[in-house]
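For the numbers below, each heavy atom of this structure counts, side chains included, while hydrogens, waters and symmetry mates do not. Values in this document were obtained by computation on a predicted structure and should not be read as measured data. Sequence positions, counted from 1, serve as the residue numbers for this chain.
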Amino acid sequence: MSELGPSSPGVVRWMGLRITPLNQRRWRNFRANKRGFWSLRIFLVLFVVSLFSELIVNDRPLLVWFDGELLSPVLSDYSETHFGGDFDTVADYRDPFVKDLINEKGWMIWPLVEFSYRTINFDLPVPAPAPPSAVNWLGTDDQGRDVVARLIYGFRISILFGLVLTFFSSIIGVIAGAVQGYFGGWTDLLFQRFMEIWSSMPTLFMLIILASIIEPSFWWLLGLMLIFSWMSLVGVVRAEFLRARNLDYVRAARALGVSNRKIMFKHLLPNAMVATVTFMPFIVGGSITVLTSLDFLGFGLPPGSASLGEMLAQGKANLHAPWLGITSFMLLAVMLTLVVFIGEAVRDALDPRKTLA
């Protein structure tokens, strides 16, 4: 089928992009799923806001006007001596002494929440974990750290982890499935036997063992989970390539001398991407769940990191402080629910049998 030209009927241009009638229909189907469409809106708002967490939740002022000089402690480090203090270390802007020094010759503009995810509130009226108050809106954890700050930063790192892991898992899984399905024969047979053995391993236990040997970090955990997560898309991509490898247009391309790589990734892959995109939101949700499980068990991100799983573990260990478990559970539930609803809407949008009434 020939490609639609710029003047072809039904083609719409938006911000320089050509939107074909097929994609227009898919977008209409996606919007028709109100639950998924509004979930996408809410998810994007929360995610974009979390990307600027340092400007909303921080223990440093956004702007400082001191002695005729405009400073931005969020972006740069300034020593206490810069404001007339005694120590040549990074200024602690929550210290009353430093606050008085700055207020004598200027002013400060603070973020909405004056805590970072690592900031300990030493002025608690009760022992930590402290209940919600006007200072700590959702209370503090058992180390005196603000729950709101840890929730916002934990949300960001969970979403980024899920998106990055899904991206790399999809690349490896699509390539593996494409090679299996296109070449078939012994290549497919040997690869399938390998995947049967690899997928039979207890993934969570293997991750726990590996994470206990290696000092955990964001990228180490990403690499360890990538070892197992790439298999989720292999089956759907393999099935699509097996179905299409002997179709007439593929045989014609081979007869014309088109390379296997070009046939695979230019002619066959676009058909397989429909199923791939449908599965991606659910892979994101699964990645977030596994990261939360590892953090809950103590084998995840380094101690002190903003982690929803670690907050759930604190809630379990401090049943007298229900705000810890309830807030982290509610955020995790809302986040995963939004991702699932988006995945359902994407599935409906890409379903060729789904049409608007």
Side-chain angles (χ1 to χ4, degrees), residues 26 43 157-211 218-247 250 259-294 300 335-336 339-340 342-352:
R26 288 171 174 170
F43 178 84
I157 197 169
S158 297
I159 294 298
L160 288 175
F161 187 90
L163 293 176
V164 173
L165 181 61
T166 300
F167 175 76
F168 288 110
S169 298
S170 300
I171 292 177
I172 298 175
V174 167
I175 293 175
V179 171
Q180 275 189 258
Y182 182 77
F183 292 104
W186 279 101
T187 301
D188 184 35
L189 182 64
L190 294 176
F191 217 114
Q192 281 295 101
R193 300 294 80 77
F194 168 76
M195 286 191 58
E196 289 173 2
I197 297 173
W198 197 248
S199 61
S200 64
M201 294 184 180
T203 304
L204 185 59
F205 290 112
M206 293 295 296
L207 289 173
I208 291 175
I209 293 171
L210 293 174
F218 181 90
W219 295 108
W220 266 114
L221 281 177
L222 187 71
L224 293 177
M225 292 179 62
L226 185 60
I227 296 175
F228 301 97
S229 63
W230 60 271
M231 292 182 289
S232 54
L233 288 176
V234 173
V236 293
V237 177
R238 170 180 172 269
E240 183 61 36
F241 273 72
L242 281 173
R243 182 189 67 83
R245 63 193 291 261
N246 290 320
L247 294 180
V250 176
S259 64
N260 289 329
R261 186 175 63 179
K262 191 171 183 179
I263 295 174
M264 290 169 60
F265 295 103
K266 184 176 180 180
H267 299 289
L268 295 180
L269 184 59
N271 298 326
M273 287 305 295
V274 173
T276 301
V277 173
T278 303
F279 272 85
M280 281 185 178
F282 303 102
I283 299 175
V284 173
S287 303
I288 294 172
T289 303
V290 174
L291 176 64
T292 304
S293 302
L294 290 174
M335 178 169 50
L336 294 177
V339 171
V340 170
I342 293 170
E344 291 178 351
V346 171
R347 181 189 60 197
D348 291 345
L350 298 178
D351 188 350

Inset, instruction - Kindly check if the number of other-residue, nucleotide or ligand heavy atoms within 6.0 Å of CZ (Arg193) is above 12? - result: yes
From [X] [atom1] over to [Y] [atom2], what is the distance, rounded to the nearest 0.5 angstrom?
X      : Y      : atom1 : atom2 : answer
His267 : Lys262 : NE2   : NZ    : 6.0 Å
Ile227 : Ile172 : CD1   : CD1   : 10.0 Å
Met195 : Leu190 : CE    : CG    : 13.5 Å
Arg238 : Gln192 : CZ    : CD    : 4.0 Å
Phe282 : Ser232 : CZ    : OG    : 12.5 Å
Asp188 : Leu242 : CG    : CG    : 5.5 Å

[X] to [Y] - nearest heavy-atom pair and separation:
X      : Y      : result
Leu336 : Gly285 : CD2-O, 3.6 Å
Pro270 : Phe265 : CD-O, 4.1 Å
Ala178 : Val237 : N-CG1, 3.6 Å
Ser158 : Ile288 : O-CG1, 3.6 Å
Phe228 : Leu224 : CD1-O, 3.6 Å
Ser287 : Gly162 : CB-CA, 3.9 Å

Inset, instruction - Let me see the working for Phe241 and Val179 under side-chain contact (heavy atoms from CB on, under 4.5 Å), right down to the final yes or no. - result: CA-CA 9 Å; Phe241 273 72; Val179 171; over 6 Å; no
Legend entry - Those residues that, when tested against Thr278, pass side chain to side chain donor-acceptor pair (under 3.5 Å) (two or more places apart): none
Legend entry - Residues forming a side chain to side chain donor-acceptor pair (under 3.5 Å) with Arg26, sequence neighbours excluded: Asn23
Inset, instruction - Measure from the side-chain N and O atoms of Ser170 to the backbone N and O of Thr166, and report whether any donor-acceptor pair falls under 3.5 Å. - result: yes
Legend entry - Donor-acceptor under 3.5 Å (Arg245 side chain, Val250 main chain): no
Inset, instruction - Step by step, work out the side-chain contact (heavy atoms from CB on, under 4.5 Å) result for Ser229 and Ile283. - result: CA-CA 8 Å; Ser229 63; Ile283 299 175; 5.8 Å; no
Inset, instruction - For residues Phe168 and Trp230, establish whether the separation of their ring centroids is below 6.0 Å. - result: no
Inset, instruction - Might you work through the side-chain contact (heavy atoms from CB on, under 4.5 Å) test for Leu269 and Glu240, ending with a clear yes or no? - result: CA-CA 9 Å; Leu269 184 59; Glu240 183 61 36; over 6 Å; no
Inset, instruction - List the steps and the verdict of side-chain contact (heavy atoms from CB on, under 4.5 Å) for Val284 and Met280. - result: CA-CA 6 Å; Val284 173; Met280 281 185 178; 5.5 Å; no
Legend entry - Passing option when Phe161 is tested against Phe218, Trp220, Phe167 for ring-ring contact (aromatic ring centres under 6.0 Å, His included): Phe218
Inset, instruction - Would you mind reporting whether Val340 and Pro281 have side-chain heavy atoms less than 4.5 Å apart? - result: no
Legend entry - Side-chain touch Thr187/Tyr182, heavy atoms, less than 4.5 angstrom: no
Legend entry - Mutual orientation of the aromatic rings belonging to Trp198 and Phe194 [parallel < 30°, tilted 30-60°, perpendicular > 60°]: parallel
